[in-house]
Amino acid sequence: MSSVFAYAPAPESRSIVDIAPSYGLFIDGEFTEAADGKVFKTVSPSTEEVLAEIAQAGEADVDRAVKAARKAFEKWSALPGSERAKYLFRIARIIQERARELAVLETLDNGKPIKETRDADLPLVAAHFFYYAGWADKLDHAGFGADPRPLGVAGQVIPWNFPLLMLAWKIAPALATGNTVVLKPAETTPLSALFFADICRQAGLPKGVVNILPGYGDAGAAVVAHPDVNKVAFTGSTAVGKEIARTVAGTRKKVTLELGGKGANIVFDDAPIDQAVEGIVNGIFFNQGQVCCAGSRLLVQESIQDELLDSLKRRLSTLRLGDPLDKNTDIGAINSEEQLTRITSLVEQGEAEGAERWSPACDIPESGYWFAPTLFTNVTQAHRIARDEIFGPVLSVLTFRTPDEAVAKANNTPYGLSAGIWTEKGSRILAVANKLRAGVVWSNTFNKFDPTSPFGGYKESGFGREGGRHGLEAYLDV
């Protein structure tokens with residue numbers, strides 16, 4: 001994008017990561033072909049280049065993996081917590097040692113900028129394993145009663161927007177509490193999960209404790225429905241979450257669902273404008289807006305709307321869209337052609353409904369899946385772009401006059417995952433936060449994560465919490 005600064009290219013080297021031509025399923029400590037021999041290809045979103053051929057898991061493979069996890073559970077759950085902790089610490093250290101390699105891999109397979117995978121994703125991945133390693137021998141003191149027991153086999157299905165981080169959110173607490181895992185990564189981003197399988201072997205993790213099954217939705221459905229899976233954890237769309245809830249209804253499976261969102265970023269008239277603009281940009285354009293807790297609705301107090309929008313447009317004009325491996329890039333590629341089609345359709349509908357669209361001048365690469373950062377003004381709560389989760393770099397701007405109106409508009413959504421409040425008054429932050437129906441409320445910041453803090457939503461954003469002490473409960477019989 002246009003900028004007053006002159007940037008020289010600063011590419012990260014692809015040679016850091018060695019991607020094999022093909023990968024198998026990871027079952028019982030070994031890489032193996034799918035039972036039916038099916039394979040699929042994973043593509044780099046920024047270039048449409050085929051990165052590797054991946055074995056495609058089916059129902060027979062899921063059954064094989066669950067049996068391996070069940071067998072491994074007997075010895076893994078019997079280990080003292082201090083022994084399980086050693087494996088988790090070892091995994092965390094290996095992730096740190098291989099962080100540069102994994103960051104490049106994630107950028108190639110996902111399309112997000114290298115500075116996000118390098119500076120946000122990988123440090124958080126390692127931190128989650130370190131954090132839950134510390135809990136492994138302290139479960140009696142976690143507040144869930146004396147001698148809480150693991151559930152058994154955890155079936156986990158993760159999305160494509162934060163492939164390695166979502167893996168860490170789920171595998172780390174599962175292993176710390178003595179469970180074994182069958183995990184299905186998203187079909188568009190399987191590589192980092194398969195590299196994690198190699199890390200498990202490098203760390204000496206006993207066979208069968210972690211099993212990785214790349215595949216499509218049918219494989220995820222088979223994991224959820226398998227009768228010998230005791231715990232289901234899913235992060236993804238609300239529609240799939242509802243289907244999972246129907247599948248497990250009437251069973252004894254424990255379930256956590258972290259689903260969609262339509263987060264409100266509320267800016268009051270006493271907010272520091274420049275700081276708020278940075279928070280708005282981070283809230284919606286981080287990872288191209290492909291974040292469940294993205295601040296995709298900006299609620300700005302009417303008296304400062306013009307000033308804030310002028311500042312926001314100036315800031316968007318300095319963002320750089322392009323090669324995700326360039327360390328100067330702010331906006332990377334959309335994850336898939338399917339997702340790009342959805343974003344484009346919803347944006348066109350926003351224009352058709354009368355909202356005013358604006359994007360900075362932007363050169364779109366010829367190959368790959370790209371969408372320029374976009375904001376809509378003259379948006380009402382009836383507009384679809386203000387109601388539906390777009391999951392892209394698209395911001396809808398609405399106004400309010402009073403705190404009560406801000407709260408009413410923020411809560412006027414079927415979702416309830418995140419929100420942000422920008423004001424210099426601590427009393428206003430507390431008063432408004434207590435009225436917002438959102439699982440996470442940030443004050444004078446946005447998209448800040450920490451393994452010690454629980455994360456999750458209300459309403460159609462799901463139920464249960466991941467992260468922190470609260471994240472242990474979902475994997476324990478309490």
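Side-chain atoms are counted along with the backbone in the values below, which use heavy atoms only and exclude waters and symmetry mates. Quick caveat, the model's predicted, so the values are computed rather than measured.
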How far apart are the closest heavy atoms of [X] and [Y], and which atoms are they?
| X | Y | value |
| --- | --- | --- |
| Ile280 | Asn265 | CA-ND2, 3.8 Å |
| Val291 | Asn287 | CG2-CB, 3.9 Å |
| Gly81 | Asp137 | C-CB, 3.8 Å |
| Asp147 | Asp140 | N-OD1, 3.0 Å |
| Leu259 | Ser237 | CD2-O, 3.6 Å |

Any side-chain heavy-atom pair from [X] and [Y] closer than 4.5 angstrom?
| X | Y | value |
| --- | --- | --- |
| Ile212 | Leu194 | yes |
| Ile334 | Pro45 | no |
| Thr235 | Lys170 | yes |
| Pro150 | Asp477 | no |
| Phe196 | Ile95 | yes |
| Phe446 | Ile284 | no |
| Leu139 | Phe144 | no |
| Val407 | Val432 | yes |

Below 30° counts as parallel, above 60° as perpendicular, anything between as tilted: where do the rings of [X] and [Y] land?
| X | Y | result |
| --- | --- | --- |
| Tyr131 | Trp135 | perpendicular |
| Phe89 | Phe130 | tilted |
| Phe31 | Phe26 | tilted |

Should [X] and [Y] count as an ion pair when the cut-off is N to O under 4.0 Å?
| X | Y | value |
| --- | --- | --- |
| Lys112 | Asp121 | yes |
| Arg201 | Glu30 | yes |
| Arg342 | Glu338 | no |
| Arg64 | Asp28 | no |
| Asp330 | Lys115 | yes |

Crowded around [X] [atom1]? As in, over 12 foreign heavy atoms under 6.0 Å?
| X | atom1 | value |
| --- | --- | --- |
| Arg428 | CZ | yes |
| Glu33 | CD | no |
| Gln96 | CD | yes |
| Lys138 | NZ | yes |
| Glu97 | CD | yes |
| Arg246 | CZ | yes |
| Lys207 | NZ | no |

May I ask you to decide if [Y]'s main-chain N or O and [X]'s side chain share a donor-acceptor pair within less than 3.5 Å?
| X | Y | value |
| --- | --- | --- |
| Asn434 | Ala431 | no |
| Lys409 | Ala264 | no |
| Asn110 | Thr189 | no |
| His128 | Leu124 | yes |
| Arg384 | Gly350 | no |
| Arg90 | Gly204 | no |
| Gln288 | Gly332 | yes |
| Thr251 | Val248 | yes |
| Gln290 | Asn335 | yes |
| Asn444 | Thr423 | yes |

**OP:** Going by the side chain to side chain contact (heavy atoms under 4.5 Å, CB included) test, name the single residue among Val223, Val181, Asn179, Asn230 that passes it with Val153.
**Re:** Asn230

Point-to-point distance, once rounded to the nearest 0.5 Å, from [atom1] of [X] to [atom2] of [Y]:
| X | Y | atom1 | atom2 | answer |
| --- | --- | --- | --- | --- |
| Ser453 | Arg469 | OG | CZ | 12.0 Å |
| Ile390 | Ile385 | CD1 | CD1 | 6.0 Å |
| Glu59 | Asp36 | CD | CG | 11.0 Å |
| Leu102 | Thr107 | CG | OG1 | 11.0 Å |
| Trp160 | Thr188 | CH2 | OG1 | 7.0 Å |
| Glu187 | Thr42 | CD | OG1 | 9.5 Å |

Exercise answer: donor-acceptor pairs, residues 455-464 side-chain atoms, under 3.5 Å, sequence neighbours excluded:
from	atom 1	to	atom 2	distance (Å)
Lys459	NZ	Asn411	O	3.4
Lys459	NZ	Thr413	O	2.8
Lys459	NZ	Tyr415	O	3.4
Glu460	OE2	Lys242	NZ	3.3
Ser461	OG	Gly260	O	2.6
Ser461	OG	Gly416	N	2.9
Ser461	OG	Leu417	N	3.3

Original post:
Distance under 6.0 Å and angle within 45° of the ring axis: does Arg98 meet both against Phe195?
Top reply: no

Original post:
Quick one: does NZ or CZ of Arg84 land under 6.0 Å from the six-membered ring centre of Tyr87, within 45 degrees of the ring axis?
Top reply: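 That pair does not qualify as a cation-pi contact.
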
Original post:
Does the separation of the ring centres of Tyr475 and Tyr132 fall below 6.0 angstrom?
Top reply: no

Original post:
Taking it one step at a time, do Lys231 and Thr256 satisfy side chain to side chain donor-acceptor pair (under 3.5 Å)?
Top reply: CA-CA 8 Å; Lys231 157 78 176 115; Thr256 50; 2.6 Å; yes

Subject >> Side-chain H-bond candidate by donor/acceptor type, Ser192 with Asp109, under 3.5 Å >> reply: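 No, because no side-chain N or O of Ser192 sits under 3.5 Å from a partner of the opposite role on Asp109.
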
